Undergrad: 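Once you've had a glance at the structure underneath, I'll fire off some questions.
Each chain gets a letter, A, B and so on, in the order the sequences are listed, and its residues count up from 1. Computed from a predicted model, the values in this text were never measured in an experiment.
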Protein chains: 2
Amino acid sequence: MAEFTDLRGFDQSLPMALLRARESLMRRFRPMLASHELTEQQWRVIRALAGAELPLDVGEIADATFLLGPSLSRILANLESRKLVTREPDQRDQRRSSVALAPAGAELFAKVAPESEEIYRLVEKSFGDGRMTELLSLLNELEKS
Amino acid sequence: MAEFTDLRGFDQSLPMALLRARESLMRRFRPMLASHELTEQQWRVIRALAGAELPLDVGEIADATFLLGPSLSRILANLESRKLVTREPDQRDQRRSSVALAPAGAELFAKVAPESEEIYRLVEKSFGDGRMTELLSLLNELEKS
DNA sequence: AGGCATTACTTCACATGTTAGACAATTTTG
DNA sequence: CAAAATTGTCTAACATGTGAAGTAATGCCT
């Protein structure tokens, strides 16, 4: 079949390469996150909230974490039920809800963040600092191209 | 919070950069695939089968497409119900099932493959051939690092 | 041959991705 | 100011991701 279509093999397919690279990378983080009962996406939300000075509304979290509304809605419900975040209706615009880290969430963040950074450093060490920078740069350019 | 932990921002996070880059890329393919009633994953399976000379068993498809068993199991059930693929128990080892493209599947592949290649060429043109090669190379190295 | 671990695949349970639509609050417009 | 359009969020429905358990066929070992 390939002889008729010249479709590139999976090896040269950029979407597949991105998928495999990300999977290979996340495999190194997931066990640590799982040990804290966190999924990758839940951790992204907590990270975004921890990095913000003020409470964020749902749309701002969606932009920061690259999660879509429906996913985020379920994730926030989950985190709220575990008392890791709080949700309150915004006073100025009652369509918005204002989300912040609860004390338990901040505590969890303080435990997980250093472990995450440690893994990241190991990756940097084994992959190489320069290649890491180069890769980040190419990825950003692809996104904007 | 960031001042205590020095957690890198989402901008410098490699997992997020990979996610954003892939999403930005797939956004250009998905509408075309959707117009043929195909998801990205279903297309990966059909591509793998079309590229093979002989029928593949489920494990081989999983390796080729980077899909996990449970996902693949559901996807194959879907494609079989749409008569795009056929499944038969392997005669030598009855634990295996042998999957091949059905005629309708081959026909669909012949329609979709050129459209997919066309989009790929546009991406290559706008992102640049050299950077594409360099990116693929870095991604493969990351995967193996 | 009979027991036992292994293998290939499926099913289950739960979380997320994706699109479409619902809903209420807000803003725009005539 | 009231009708219409827009915005922010959520729900619904279906497909996939992930880990764990289930099932059946195979191979090994005595």
Undergrad: To the nearest 0.5 Å, what is the distance between CG (A:L18) and OG (B:S24)?
TA: 9.5 Å
Undergrad: Do any of residues 14-35 of chain A sit with a heavy atom less than 4.0 Å from DNA chain C, and if so which?
TA: none
Undergrad: Begin with the C-alpha distance, continue with both residues' side-chain angles, and end with the deciding distance and a verdict on side-chain contact (heavy atoms from CB on, under 4.5 Å) for B:L67 and B:I61.
TA: CA-CA 8 Å; B:L67 290 166; B:I61 299 175; 5.8 Å; no
Undergrad: In chain order, what residues pass the side chain to side chain contact (heavy atoms under 4.5 Å, CB included) check against B:E60, with sequence neighbours excluded?
TA: B:L56, B:D57
Undergrad: What N/O pairs connect the protein and nucleotides 10-13 of chain C at under 3.5 Å? Give each pair on its own line.
TA:
residue : atom : partner : partner atom : Å
C:dT10  : OP1  : B:R87   : NH1          : 2.7
C:dT10  : OP2  : B:S73   : OG           : 3.4
C:dT10  : O5'  : B:S73   : OG           : 3.4

Undergrad: Who pairs with B:R131 by side chain to side chain donor-acceptor pair (under 3.5 Å), at least two apart in sequence or on another chain?
TA: A:E141
Undergrad: Measure from CD on A:Q41 to C1' on C:dT18 and round the result to the nearest Å.
TA: 14 Å
Undergrad: What's the CG-C1' distance between A:L68 and D:dC10, to the nearest Å?
TA: 14 Å
Undergrad: Measure CZ/B:R44 against C1'/D:dA15 and give the value in whole Å, please.
TA: 13 Å
Undergrad: Enumerate all atom pairs, one protein N or O and one N or O from nucleotides 22-26 of chain D, separated by less than 3.5 Å.
TA:
residue : atom : partner : partner atom : Å
D:dT26  : OP1  : B:Q94   : N            : 3.0

Undergrad: Are the side chains of A:P15 and B:L25 in touch, meaning some heavy atoms are under 4.5 Å apart?
TA: yes
Undergrad: Nearest whole Å is fine: how far is D:dT18 C1' from A:E40 CD?
TA: 11 Å
Undergrad: Could you state the interatomic distance from CZ (B:R30) to CD1 (B:I119), rounded to the nearest 0.5 Å?
TA: 12.0 Å
Undergrad: For the pair made of CD1 in A:I61 and C1' in D:dT9, what is the distance, rounded to whole Å?
TA: 12 Å
Undergrad: In whole Å, I'd like the distance from the CZ atom of B:F66 to the C1' atom of D:dT16.
TA: 14 Å
Undergrad: Checking B:S137 side chain against B:T133 main chain: does a donor-acceptor pair fall under 3.5 Å?
TA: no
Undergrad: Does the pair B:Q42 and B:V45 meet the rule for a side-chain contact (heavy atoms from CB on, under 4.5 Å), with working shown?
TA: CA-CA 5 Å; B:Q42 291 165 356; B:V45 170; 5.8 Å; no
Undergrad: Send over the distance from A:E37 CD to C:dC14 C1', rounded to a whole Å.
TA: 13 Å
Undergrad: Look only at the side chain of B:E23 and the backbone of B:R20, and say whether a donor-acceptor pair between them is shorter than 3.5 Å.
TA: no
Undergrad: Does C:dT16 have its OP1 or OP2 closer than 4.0 Å to a side-chain nitrogen or oxygen of A:T39?
TA: yes
Undergrad: Do any pairs count as a salt bridge (charged side-chain N to carboxylate O under 4.0 Å, His left out) and have a residue in residues 68-82 of chain A, sequence neighbours left out, and if so which ones?
TA: A:E80-A:R87
Undergrad: Assign the ring pair A:F109 / A:W43 to parallel, tilted or perpendicular, where the plane angle (0 to 90°) is split at 30° and 60°.
TA: parallel
Undergrad: Measure CG/B:D57 against C1'/C:dT7 and give the value in whole Å, please.
TA: 11 Å
